[in-house]
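Heads up, the thing below is written out as structure tokens.
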Amino acid sequence: MYFPLFWDPTMILIIIGLIISGAASTYVQSTYSKFSEVKSQRGYTASDVCRQILDASNLQNVRLEGIRGNLTDHYNAQENVLRLSDATRTSTSVAAIGVAAHEAGHALQDRDNYGPLRLRAALVPVTNFGQTAAFPILILGMFLGEGGDMLITIGILLFSLTLLFQLVTLPVEFDASKRAIRILEEQSLLTREEIPQAKKVLNAAALTYIAAAIASFLSVMRLFLIFGGRRRH
């Protein structure tokens, strides 16, 4: 049996998505590396900045912890903990401070019950289920021939949940960066000359989320092209 899910001319869409994602990842790594060499004039570490932002925002209850890796920084709303990576935590660079402030921005979103953040959290379990179930359902629908059209539709919809998740992620990440830059300015945690540099780091990071959304869209488009043609035949 021929399985168009694995290889056919529409694979070019997947390749394009991989190229876009790879380019975005390379750009963010190079931008982060560049501004990792720029030490903040204030001399604060990223951990210091993060703690100061949290405390000034009445978020003393948010724990600040370390985590192994590079750019593995994240805020976990369920555990009420913000984790900074080894490469970020003790660094005094503009890049590290920008990343730390961004994660603190997520904690502020949580405090403010920011709608898109709540929606993204609600989408996590259904998106994970969709990623797991989509392809088995699609393959079963292919085996059933014309009788499997309904299963194929369900499979595509489940797969599309990833795109929905990526689209909801965009305003969450953009808003966190916006909050980060505003706080860094208001609390004078970076100098006037350093703020644009931090913006460049966060803007580069935002490109990875845009790239992920584009890649997901291309993947969904590919499924529509494959199975739309199947129905016409």
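- Considering all non-hydrogen atoms of both residues, P125 and A121 come closest at CD-O, 3.6 Å.
- Listed by chain and number, the residues in a side chain to side chain donor-acceptor pair (under 3.5 Å) with S40 amount to none (sequence neighbours excluded).
- In this structure, L161 is a member of the same hydrophobic cluster as I154, with clusters built from ILVMFWY side-chain heavy atoms closer than 4.5 Å.
- Judged purely by atom type and a 3.5 angstrom limit, S188 has no side-chain atom pairing as donor or acceptor with the backbone of L184.
- Nearest heavy atoms, G155 versus A134: O-CB, 3.6 Å.
- Judged purely by atom type and a 3.5 angstrom limit, S216 uses its side chain to pair as donor or acceptor with the backbone of A212.
- In terms of hydrophobic clustering, with Ile, Leu, Val, Met, Phe, Trp and Tyr side chains grouped at heavy-atom distances under 4.5 Å, L117 and F165 are assigned to different clusters.
- We find the CG-CG distance between L158 and L138 to be 8.5 Å, quoted to the nearest 0.5 Å.
- Y209 and V99 are members of different hydrophobic clusters when ILVMFWY side chains are connected at heavy-atom separations under 4.5 Å.
- Side-chain contact check for S36 and S33: no donor-acceptor pair (N or O, by modelled atom type) lies under 3.5 Å.
- The closest donor-acceptor contact from the side chain of D110 to the backbone of A107 lies at 3.5 Å or more, if one exists at all.
- For the atom pair SG of C50 and CZ of R83, the computed distance is 12.5 Å after rounding to the nearest 0.5 Å.
- Residue I214 is grouped with residue L223 when hydrophobic side chains (ILVMFWY) are merged at heavy-atom distances under 4.5 angstrom, including chains of intermediate members.
- Within the 3.5 Å criterion, the main-chain N or O of T92 finds no donor-acceptor partner in the side chain of R42.
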Worked check of side chain to side chain contact (heavy atoms under 4.5 Å, CB included) between K200 and N203: CA-CA 5 Å; K200 288 181 179 179; N203 288 341; 5.7 Å; no
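- Proximity of L54 to Q60: side-chain heavy atoms (C-beta onward) are nowhere separated by under 4.5 Å.
- Within the 3.5 Å criterion, the main-chain N or O of Y27 finds a donor-acceptor partner in the side chain of T31.
- Screening residues 166-184 for side-chain hydrogen bond (donor to acceptor under 3.5 Å, both in side chains), with sequence neighbours left out, gives H102-E173, H102-S177, H106-E173, Q109-D175, D112-R179, R120-E173, D175-R179.
- The number of heavy-atom neighbours closer than 6.0 Å to CZ of F174, taken from other residues, nucleotides and ligands shown, is above 12.
- Distance CZ/F35 to CD/E194: 11.0 Å, rounded to 0.5 Å.
- Here the shortest heavy-atom pairing between A87 and N70 reads CB-OD1, 3.3 Å.
- Atom NZ of K39 sits in a crowded spot, with more than 12 heavy atoms from other residues, nucleotides or ligands closer than 6.0 Å.
- The heavy-atom pair separating P116 from V168 by the smallest distance is O-CG1, 3.6 Å.
- At a cut-off of 3.5 Å, with distance as the only test, no side-chain donor of R63 or N80 sits close to an acceptor on the other residue.
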Chi angles and distances behind the side-chain hydrogen bond (donor to acceptor under 3.5 Å, both in side chains) call for S93, S91: CA-CA 6 Å; S93 72; S91 174; 3.0 Å; yes
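- The hydrophobic clustering, which links ILVMFWY residues whose side-chain heavy atoms are closer than 4.5 Å, places L218 and L167 together.
- The minimum heavy-atom distance linking A215 with S21 is given by the pair CB-OG, 3.8 Å.
- For the atom pair I15 CD1 and I12 CD1, the distance stands at 4.5 Å (nearest 0.5 Å).
- The six-membered or imidazole ring of F159 lies near that of F135, with a centre-to-centre distance under 6.0 Å.
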From CA spacing to verdict: side chain to side chain contact (heavy atoms under 4.5 Å, CB included), Q41, L190: CA-CA 7 Å; Q41 294 181 36; L190 289 179; over 6 Å; no
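- Within the 4.5 Å cutoff, the side chain of I210 has heavy atoms near those of the L207 side chain.
- Just one residue in the list T162, L13, L157, L163 forms a side chain to side chain contact (heavy atoms under 4.5 Å, CB included) with V220, and that residue is L163.
- Between the side chain of D48 and the main chain of Y44, no donor-acceptor pair closer than 3.5 Å is present.
- Contact between A213 and L170 at its shortest, heavy atoms only, is CB-CD1, 4.4 Å.
- R89 has no carboxylate O lying under 4.0 Å from a charged side-chain N of D73, or vice versa, which leaves the two without a salt bridge.
- Considering CG of L64 and CG of L59, their distance stands at 12.0 Å, rounded to 0.5 Å.
- Here the CD1 atom belonging to I183 is positioned 5.0 Å from the CD1 atom belonging to I53, to the nearest 0.5 angstrom.
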